[in-house]
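Along the sequence shown, the residues carry numbers beginning at 1. Counting starts at 1 for both ligands and their atoms, in listed order.
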Amino acid sequence: MAYQTINPTTNVLVKTYPNHTDADVEAALDAAHRLYKSPWSKGPIQPRLQVLERLAYLIDARKEELAQIATVEMGKLISDARDEVWIIAEIARFYARHAEKFLAPVKIDSSLGEAWVEHHPIGVMLAVEPWNFPYYQLMRVFAPNLAAGNPVVAKHASIVPHCATVFEELVNEAGAPKGAWKNLFITADQVAKIIADDRVQGAAMTGSEGAGSAIAAQAGKYLKKSTLEMGGNDVFVVLDDADLEKAVETGVFSRLHISGQECICAKRFVLHETIADKFLENFTAAMASVKIGDPMDETTKLGPLSSADASANLAKQVQRALDHGAKLYLGGKPIDGKGNFFAPTILTNVTRDNPAYFEEFFGPVAQIYVVKDDDEAVTLANDSRYGLAGVVFSRNIERAKALASRIETGAVWINTFASTAPELPFGGVKRSGYGRELSELGIKEFVNQKLVLVAKG
Ligand SMILES: NC(=O)C1=CN([C@@H]2O[C@H](COP(=O)(O)OP(=O)(O)OC[C@H]3O[C@@H](n4cnc5c(N)ncnc54)[C@H](O)[C@@H]3O)[C@@H](O)[C@H]2O)C=CC1
Ligand SMILES: CCCCCC(=O)O
């Protein structure tokens with residue numbers, strides 16, 4: 001597994017990074033475990049939270065540089081890269097300012113005596129992360145675990161090594177002690193060995209089902225806790241009483257966000273039959289008119305896919321959908337020329353016997369479904385292997401809430417696109433994974449919630 005920066009806009013190889021050896025892995029685990037055993041991890045929380053505050057400050061100070069690194073490595077629009085840099089500083093600040101409250105002892109009324117739950121670190125964690133939010137995916141694991149006292153070793157995706165190294169640089173500059181965070185350019189086999197190591201107590205992974213299954217299986221074999229955030233095939237439900245103009249604008253934004261390479265992008269557009277034609281007409285016009293080009297250009301609205309493989313695989317997936325009866329309403333192919341650009345694509349007539357019906361399209365490919373009522377919308381939404389997020393558009397909020405409660409996902413967003421914030425839990429059900437990241441839920445995934453009870457009398 002070569003760790004390389006290849007600019008997706010030009011497919012030019014920028015830099016190759018050397019892999020870490022087994023000796024490097026051992027040194028990282030030794031440093032992390034020593035730190036876990038030290039007063040730094042098990043002692044007062046404030047010194048750890050001060051590192052997060054300083055990290056946020058350092059990120060803000062290097063915002064433009066960090067954003068450009070991400071755009072060069074995986075092709076997201078520079079405006080989206082700036083947003084990502086902004087939110088990782090917000091995540092660091094959020095836990096710096098709330099972790100002490102989240103991890104404070106919680107009293108329990110018990111007939112047996114005075115009881116409370118304490119929150120203690122459990123040890124060295126492994127993070128395995130993807131390329132689509134190259135900083136956010138790291139901070140989502142680092143910040144809560146640093147606050148809790150869990151050191152982390154991390155394996156990032158092979159196409160964003162510069163993001164990985166600059167993140168580690170910032171963490172060290174913020175004053176995190178040796179062992180708190182270590183980036184490792186390693187193979188899948190080395191990941192498996194790390195999970196098996198007695199010093200490692202848990203694994204957090206975001207990425208594909210394949211990777212998630214392999215990591216969860218190894219974690220299960222060695223009785224280590226894991227959290228998984230994998231793919232999604234999120235519905236974007238537009239009811240007959242929706243603000244259509246806002247729904248179209250939001251739907252295009254969400255489907256094309258990060259060139260459609262986001263697990264919580266709108267993917268399956270579920271349209272009430274009375275507004276379907278009008279929505280589709282306006283949605284198609286908007287998708288067809290977005291400016292496609294250099295993600296460094298502030299006016300670009302759709303950049304390249306993350307790699308040549310991603311573009312080729314998406315083209316094969318679209319063709320397979322067409323071979324099984326889907327209708328190509330717009331686009332459908334990579335755009336000729338330099339870079340991994342893919343045309344905004346709309347598929348209709350995707351029947352349940354078409355493999356595409358159950359597949360996530362990790363790119364600017366929208367599937368259109370038409371339903372007659374709310375019950376049919378829920379049935380279709382839940383007829384999925386995934387359960388990550390979803391969107392409902394309706395002017396009747398009570399109606400939208402009722403529908404949201406029936407959709408089997410980890411989140412539903414009403415009258416806006418699915419997104420993320422430090423205070424909001426993130427995660428899913430079914431093949432989208434398990435566990436939650438961010439919010440108070442995220443910091444408690446990898447702590448020992450220990451009961452202490454003083455008997456009466
Ligand atoms: N849920 C999410 O946020 C994301 C989901 N994905 C899903 O993953 C698919 C492919 O994107 P990738 O980034 O290539 O995901 P991936 O799952 O291949 O990679 C994610 C991370 O897991 C590592 N990995 C892969 N196989 C592994 C194994 N057997 N053992 C240990 N580590 C392993 C990768 O090197 C990377 O660091 C996308 O099509 C999408 O479905 C991708 C990015 C984000
Ligand atoms: C807005 C941030 C979403 C990140 C979800 C993903 O891992 O693709």
Mind checking whether Val141 and Thr227 have side chains closer than 4.5 Å, heavy atoms only? no

Next on the checklist: Pairing donors with acceptors under 3.5 angstrom, does anything connect the side chains of Thr21 and Asp24?
Outcome noted: yes

Near Glu229 (heavy-atom distance under 4.0 Å), the atoms of ligand 1 are 1 (N), 2 (C), 3 (O)

So for Asn132 against ligand 1, with non-hydrogen atoms under 4.0 Å, the contacting part is side chain

Of Glu360, Gln137, Met1, the one whose closest heavy atom lies nearest atom 41 (O) of ligand 1 is Glu360

Item to check | Glu129 versus His156, side-chain donor and acceptor atoms under 3.5 Å | outcome: no

protein heavy-atom neighbour closest to atom 10 (C) of ligand 1 works out as Ser208 CB, 4.2 Å

Kindly say whether Gly303 contributes a backbone atom to a donor-acceptor pair with the side chain of Ser259 at under 3.5 angstrom?
yes

Atom 34 (C) of ligand 1: closest protein heavy atom, distance to 0.1 Å, is Lys155 NZ, 3.8 Å

Enumerate, atom names and distances included, each donor-acceptor pair closer than 3.5 Å involving a side-chain atom of residues 420-436, sequence neighbours excluded.
residue, atom, partner, partner atom, Å
Thr420, OG1, Tyr136, OH, 2.7
Lys430, NZ, Asn382, O, 3.1
Lys430, NZ, Ser384, O, 2.8
Lys430, NZ, Glu408, OE1, 3.4
Arg431, NE, Glu209, OE1, 2.4
Arg431, NH2, Glu209, OE1, 2.7
Ser432, OG, Gly231, O, 2.7
Ser432, OG, Gly387, N, 2.9
Ser432, OG, Leu388, N, 3.3
Tyr434, OH, Ser226, OG, 2.7
Arg436, NH1, Gly428, O, 3.1

>> Quick one: does any side-chain atom of His324 pair with a main-chain N or O of Asn354 as donor and acceptor, under 3.5 Å?
In response: no

Using the six-membered ring wherever Trp is involved, compare the ring planes of Phe102 and Phe94 and label them parallel, tilted or perpendicular (cut-offs 30° and 60°). tilted

Checklist entry - Ser158 near ligand 1, heavy-atom distance under 4.0 Å? => result no

Quick look: Glu262 vs ligand 1, heavy-atom contacts under 4.0 Å, and the answer is neither

(Q) Pairing donors with acceptors under 3.5 angstrom, does anything connect the side chains of Tyr369 and Gln367? (A) yes

One finds that the ligand 1 atoms under 4.0 Å from a non-hydrogen atom of Ala214 are 29 (N)

Distance only, no hydrogens: is a donor on one side chain within 3.5 Å (strictly under) of an acceptor on the other, for Asp383 and Tyr357?
yes

Quick note on ligand 1: atoms under 4.0 Å from a heavy atom of Cys263 include exactly 1 (N), 2 (C), 3 (O)

Under 4.0 Å between heavy atoms, the region of His156 that gets near ligand 1 turns out to be backbone

The closest protein heavy-atom partner of atom 30 (N) of ligand 1 is Ala188 CB, 3.6 Å

* To do: Check whether the side chains of Thr16 and Gln4 place a donor and an acceptor atom closer than 3.5 Å, and report yes or no.
  => yes

For atom 22 (O) of ligand 1, the closest protein heavy atom turns out to be Val128 CG1, 3.3 Å

Requested in this report: Check whether the ring centres of Phe358 and Tyr386 lie less than 6.0 Å apart, and answer yes or no.
Outcome: no

In this structure, atom 43 (C) of ligand 1 is nearest to the protein heavy atom Pro130 CB, 3.4 Å

At under 4.0 Å between heavy atoms, what of Met230 touches ligand 1? The answer is backbone

Atom 14 (O) of ligand 1 sits nearest the protein heavy atom Trp131 NE1, 3.6 Å

If the plane angle is over 60° it's perpendicular, under 30° parallel, otherwise tilted; pick one for Phe283 and Phe279. parallel

* Check whether any protein heavy atom sits under 4.0 Å from atom 37 (O) of ligand 1. => yes

Among non-hydrogen protein atoms, atom 26 (N) of ligand 1 lies closest to Ala211 CB, 3.4 Å

Within the distance-only criterion (no hydrogens, no angle test), does the side chain of Thr71 pair as donor or acceptor with the backbone N or O of Lys76 below 3.5 angstrom? yes

Say whether Lys291 and Thr299, considering side chains only, have a donor N or O and an acceptor N or O under 3.5 Å apart. yes

closest protein heavy atom to atom 20 (C) of ligand 1 is Thr206 O, 3.7 Å

Between ligand 2 and the protein, find all N/O pairs closer than 3.5 Å and give the distance for each.
residue, atom, partner, partner atom, Å
ligand 2, 7 (O), Gln137, NE2, 2.7
ligand 2, 7 (O), Glu229, OE1, 3.1
ligand 2, 8 (O), Asn132, ND2, 2.7
ligand 2, 8 (O), Cys263, N, 2.9

Per-atom filter on ligand 1: closer than 4.0 angstrom to a heavy atom of Val191 are 31 (C)

Exercise: do Asp189 and Thr187 side chains pair donor with acceptor under 3.5 Å: no

